[in-house]
Number of protein chains: 2
Amino acid sequence: MKTKAPHDLETAGTRERIVRTASRLMQRQGYEGTGIKQISREAGATLGSVYHFFPGGKQELGTAAVRLGDEEFTELLRESLDAEPDPAKALVALTASLAEGLRESDWLDGCPVTSTVVGTAGSAPGIQRAAAEAFARWRAVVAAKLVAARFAEADAEDLAHTVIATLEGAELASQVARSETPLEAAGRHLARLIASYGGSGHS
Amino acid sequence: MKTKAPHDLETAGTRERIVRTASRLMQRQGYEGTGIKQISREAGATLGSVYHFFPGGKQELGTAAVRLGDEEFTELLRESLDAEPDPAKALVALTASLAEGLRESDWLDGCPVTSTVVGTAGSAPGIQRAAAEAFARWRAVVAAKLVAARFAEADAEDLAHTVIATLEGAELASQVARSETPLEAAGRHLARLIASYGGSGHS
DNA sequence: GTCTATATTGGGATAGAC
DNA sequence: GTCTATCCCAATATAGAC
């Protein structure tokens, strides 16, 4: 059994602290904009420790940061979808909580996976792969929810592509505009799109 | 009257060459991942020329690159929407051409504005502002098309938010997945969403 | 406007003591 | 596993001749 990660940085192990700090910094500054020295400093670890846990250097660290972002958003997605039987209503609530998170960070913390992966196309294949896996997992979670709400499987997988893409795009648009409007509109329109398939949709 | 920009890099003026090279490189590598020396080298200009035209340094250059990406996508958007009276059908065609462009670049060239602005939140306000203006202009172009197709103005502006957000997100998802599927699904679903408002929608 | 040279800082990465 | 010191290189930016 794997060690459970403590939720505060203080009591977490060194490796945990490094990954979480890397993820948080890359979420704000991007992969190229974040230095290993900055990560080690803010994580309270020495440079030697960083290279001890991540001998593959910055790319390996970036990949681990993307995987952590993947897990975190998967968790948020599952919570939102489990809290409400109707997938359309659940997505409206999800966009609201994404907007709230953005505003609370003064529009600095967008999607950690997107921020980290943008700009690494062709130069950091490990990060690309981890980001592709993240998007695929999120799509699968959404599709499963739709299937559970009696959508046809083909429709569910098809819709899941657009749900994830629209969430990504709307979070980016909200961040750039420093406004909740894009996410709010995305939530309403995704709900409407979903309703146009299965009626009310909840089982 | 402003000087018309020649379309090939060879005969363009130095300033033009620098901006276009910057835009293209930042589209692939992001703002932080692109160096001024690389830009000057690939543009066939000296470092002195770069700082002559852009005394504000990298930030001013990045802002100009975002504005160029804004103009280019505005043009593509207008062309796509003008070629087809039904906005829903026009968006399907647009997603297809975006997917084609991505595939032709081996999935390297995503949205130049998005790639450049991500990671600059809080550290490069000029770039942030230029990106916000770009998104707003694109929304206005889409909204105008919808109004011309007899949509209510409130619905048109509301839908335009989601159209732009979904296009952005789907282009990103297609790039990461190295697949046309996300853009293709986005086109179909945006068409369906639009059709759910105004019927066939064309005047 | 263009060019070369350079100042300065910080980047990723490594070595080896403890 | 942790720490310090260091290597090497690229980054942004500037100065000043032409």
Side-chain angles (χ1 to χ4, degrees), chain A residues 3 5-6 9-26 28-66 115-116 118-120 122-127, chain B residues 3 5-6 9-23 25-26 28-66 115-116 119-120 122-127:
Chain A
T3 311
L9 273 180
E10 310 287 324
T11 62
T14 304
R15 201 197 126 99
E16 273 289 313
R17 283 198 329 269
I18 293 169
V19 176
R20 284 203 277 215
T21 305
S23 176
R24 184 172 45 82
L25 288 174
M26 289 179 183
R28 299 204 171 193
Q29 307 170 350
Y31 176 73
E32 295 285 354
T34 304
I36 293 191
K37 286 176 181 171
Q38 183 189 15
I39 293 168
S40 79
R41 195 184 331 121
E42 299 202 13
T46 63
L47 200 56
S49 291
V50 173
Y51 279 96
H52 171 75
F53 288 110
F54 301 93
K58 194 179 181 181
Q59 273 201 38
E60 190 182 345
L61 191 41
T63 305
V66 167
S115 304
T116 305
V118 166
T120 67
S123 69
I127 294 178
Chain B
T3 311
L9 272 180
E10 311 286 325
T11 62
T14 304
R15 201 196 125 99
E16 273 289 314
R17 277 190 343 261
I18 293 169
V19 176
R20 284 202 277 216
T21 305
S23 175
L25 288 174
M26 288 178 182
R28 299 204 172 193
Q29 307 169 348
Y31 176 73
E32 294 284 354
T34 303
I36 293 191
K37 285 179 181 170
Q38 184 188 15
I39 293 168
S40 78
R41 196 184 331 120
E42 299 201 13
T46 63
L47 200 56
S49 291
V50 173
Y51 280 96
H52 171 75
F53 288 109
F54 301 93
K58 195 180 181 181
Q59 273 201 40
E60 190 182 345
L61 191 42
T63 304
V66 167
S115 304
T116 305
T120 67
S123 69
I127 294 178

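Small disclaimer: the values here were computed from a predicted structure and weren't measured. We name chains A, B, ... by the order of the sequence lines, and we start the count at 1 in each one. Side chains are part of it too, since the values below use all heavy atoms of this structure and drop only hydrogens, waters and symmetry mates.
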Looking across every strand, which nucleic acid part, if any, lies under 4.0 Å from B:Phe53 by heavy atom: base, sugar-phosphate, or nothing?
sugar-phosphate
Donor-acceptor check, side chain of A:Arg28 to backbone of B:Gly119, threshold 3.5 angstrom: yes or no?
no
Where the side chain of A:Lys58 meets the backbone of A:Gly35, is there a donor-acceptor pair that is under 3.5 Å apart?
no
Between CD of A:Glu32 and P of D:dA10 the distance, given in whole Å, is 14 Å
Rounded to the nearest angstrom, tell me the gap between atom CZ in A:Phe54 and atom C1' in D:dG1.
14 Å
What is the separation between atom CD on A:Glu16 and atom P on D:dG1, rounded to the nearest whole Å?
13 Å
Closest to the A:Lys37 side chain, choosing from C:dG11, C:dT4, C:dG1
C:dG11
Mind running side chain to side chain contact (heavy atoms under 4.5 Å, CB included) on B:Tyr51 and B:Ile36 for me, showing each step along the way?
CA-CA 9 Å; B:Tyr51 280 96; B:Ile36 293 191; 3.3 Å; yes
Per atom distances to the A:His52 side chain, the nearest of D:dG1, C:dT14, C:dT2 is D:dG1
So if I take every side-chain heavy atom of A:Ile36 and compare against C:dG12, C:dT2, D:dA13, which nucleotide ends up nearest?
C:dG12
Please evaluate residues A:His52 and A:Arg15 with respect to the criterion side chain to side chain contact (heavy atoms under 4.5 Å, CB included), reporting the C-alpha separation (whole Å), side-chain torsions for both, the decisive distance (0.1 Å), and the verdict.
CA-CA 9 Å; A:His52 171 75; A:Arg15 201 197 126 99; over 6 Å; no
Between CG of B:Leu47 and P of D:dG16 the distance, given in whole Å, is 16 Å
Taking atom P of C:dG10 as reference, at what distance in whole Å does atom CD of A:Gln29 sit?
14 Å
Between CD of B:Glu60 and P of D:dT14 the distance, given in whole Å, is 12 Å
So, does B:Thr14 get its side chain near the phosphate of C:dG1, meaning an N or O under 4.0 Å from OP1 or OP2?
no
Hey, does A:Gly48 reach any base, or is it just sugar-phosphate, or nothing, if we go heavy atoms under 4.0 Å?
base
Interatomic distance where CG belongs to A:Leu61 and P belongs to C:dG11 [whole Å]
14 Å
With heavy atoms under 4.0 Å as the rule, sort A:Ser40 into base, sugar-phosphate or nothing.
nothing
Rounded to whole Å, OH of A:Tyr51 lies from C1' of C:dG16 at a distance of 17 Å
May I ask you to evaluate whether B:Ser49 reaches the phosphate of C:dG1, defined as a side-chain N or O under 4.0 Å from OP1 or OP2?
no
Considering all heavy atoms of both residues, which atom of A:Thr116 and which atom of A:Gly62 are nearest to each other, and what is their separation?
CG2-O, 4.3 Å
